[in-house]
Amino acid sequence: MNTTAVSDRELAQPGYETGERTPALPNAPRRKLRWLALCLLIFAGLLVFIALRNCGSYLIVDNGQKSDVILVPLGRLQPGYEKAFNLLRDGYGNHIVAEVVPLKQFGKPVPELAQEYFAQQSDLTGKIDICVIRLSAPESPQAAECIAKLKPRSILIVANQFQTRRALKTFSHDLPQYQWSVTPVQPPPPRPLQWWKNKRMALVIYMEWCRFLWWELVGQ
């Protein structure tokens, strides 16, 4: 006669009386979920690392093309003007539109000082127009009034390196009737730009990203 020994542990399991057993949850699926979560975490960390490493370089656009007009927006000052002079001499444009603000500096209006400075470029006489921009109004419509007088089809922007992408997007969005390109005032840096080694550069990039995102989310 065959007998089956039943332990107290088996008797305590639910469903024993009815002949049914509750299978234990295997460990393999749980291990797979842990590995999947770990892989996703590593992948997300890698994306963040790549984004931070290249966030400075992303702001810089240098696709300058020969155009009818070279535009120097606000804030470029002497280095921007000098870059525009050299581009004009190299045949990258036929005319310069230089934006200035209606303020006073050293007791003289800024447009007057700019006119005196431009007059020193004797070989560019008649090829430089001053465009007075009020800070209380949007920049693009005011620049459009100055640009329209020259009837161009294409415009090359001269901007600070970390403002090139935002300047190109802004003017292309606001004045789509023109073909736009942009070049930085400073020589293009090596990529990826190691901004984390320079606190001042890191602050500039942070501020420019704030302006760029604000324009992308709100300013359009």
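These values consider heavy atoms only, across backbone and side chains, with no hydrogens, waters or symmetry-generated copies.
Taken together through direct or relayed side-chain contacts under 4.5 Å among Ile, Leu, Val, Met, Phe, Trp and Tyr, I155 and L150 form part of one hydrophobic cluster. Under the 4.5 Å side-chain heavy-atom criterion for ILVMFWY residues, a single connected hydrophobic cluster contains both V132 and I70.
Aromatic ring centres of W209 and F212 lie closer together than 6.0 Å. Checked against the 6.0 Å centroid criterion, the rings of Y178 and F171 do not qualify as a close aromatic pair.
Atom-to-atom distance recorded for F118:CZ and L124:CG is 10.5 Å, nearest 0.5 angstrom. Taking CZ from R166 and CG from N160, the interatomic distance works out to 10.0 Å, rounded to the nearest 0.5 Å. From L88, atom CG reaches atom NZ of K83 across 13.5 Å, with rounding to the nearest 0.5 Å. One finds the CD atom of Q163 at 5.0 Å from the CD atom of E208 (value rounded to the nearest 0.5 Å). For the atom pair CZ of R211 and OH of Y206, the computed distance is 11.0 Å after rounding to the nearest 0.5 Å. Atom SG of residue C131 and atom CG of residue L71 lie 8.0 Å apart, to the nearest 0.5 angstrom.
Shortest non-hydrogen contact noted between A167 and A159 is CB-CB, 4.3 Å. Here the shortest heavy-atom pairing between V158 and G80 reads CG1-O, 3.8 Å. Taking every heavy atom of both residues into account, I157 and P73 meet most closely at CG2-CG, 3.7 Å. Listed here is the closest heavy atom pair of A137 and Q142: O-NE2, 3.2 Å. Nearest heavy atoms, C146 versus V97: CB-CG1, 4.2 Å.
Using a 4.5 Å cut-off on side-chain heavy atoms (C-beta onward), Q121 and R89 make contact. Within the 4.5 Å cutoff, no side-chain heavy atoms of V182 are placed close to those of D62. Counting heavy atoms from C-beta on, the side chains of L87 and T183 come closer than 4.5 Å. The closest side-chain heavy-atom distance from E99 to E139 is below 4.5 Å. Contact of the L156 side chain with the Q65 side chain is not registered, since no non-hydrogen atoms from C-beta on lie closer than 4.5 Å. The shortest distance between side-chain heavy atoms of I205 and L59 falls below 4.5 Å. In this structure the side chain of V100 reaches within 4.5 angstrom of the side chain of Y81, judged on heavy atoms. Here the side chains of I60 and F162 are in contact, with some heavy-atom distance below 4.5 Å.
A donor-acceptor pair is defined here as one N or O able to donate and one able to accept, closer than 3.5 Å; no such pair exists between the side chain of S181 and the backbone of G64. Not one N or O on the side chain of D174 forms a donor-acceptor pair closer than 3.5 Å with the backbone of S140. Q186 places a side-chain N or O within donor-acceptor distance of the main-chain N or O of Q161, the cut-off being under 3.5 Å.
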| message | D129 vs H95, test: side-chain hydrogen bond (donor to acceptor under 3.5 Å, both in side chains). Steps then yes/no. | response | CA-CA 8 Å; D129 281 4; H95 213 93; 3.1 Å; yes

| message | Set out, in order, the CA-CA distance, both residues' side-chain angles and the distance that settles side chain to side chain contact (heavy atoms under 4.5 Å, CB included) for K108 and E116, then state yes or no. | response | CA-CA 11 Å; K108 284 188 175 182; E116 292 175 1; 3.4 Å; yes

| side chain to side chain contact (heavy atoms under 4.5 Å, CB included) assessment of N94 paired with K127 | CA-CA 7 Å; N94 303 319; K127 295 184 178 181; over 6 Å; no

| message | With side chain to side chain contact (heavy atoms under 4.5 Å, CB included) as the criterion, how do V101 and L135 come out once you've worked through the C-alpha distance, each side chain's angles and the decisive distance to 0.1 Å? | response | CA-CA 7 Å; V101 291; L135 298 178; 3.8 Å; yes

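Under the 6.0 Å distance and 45° angle rule, R165 counts as a cation-pi partner of Y58.
Summarising the local packing, OH of Y92 is surrounded by 12 or fewer heavy atoms from other residues, nucleotides or ligands at distances under 6.0 Å. For OH of Y117, the number of neighbouring non-hydrogen atoms (other residues, nucleotides, ligands) closer than 6.0 Å is greater than 12.
For K169, the salt bridge (charged side-chain N to carboxylate O under 4.0 Å, His left out) test picks out E216, with sequence neighbours left out.
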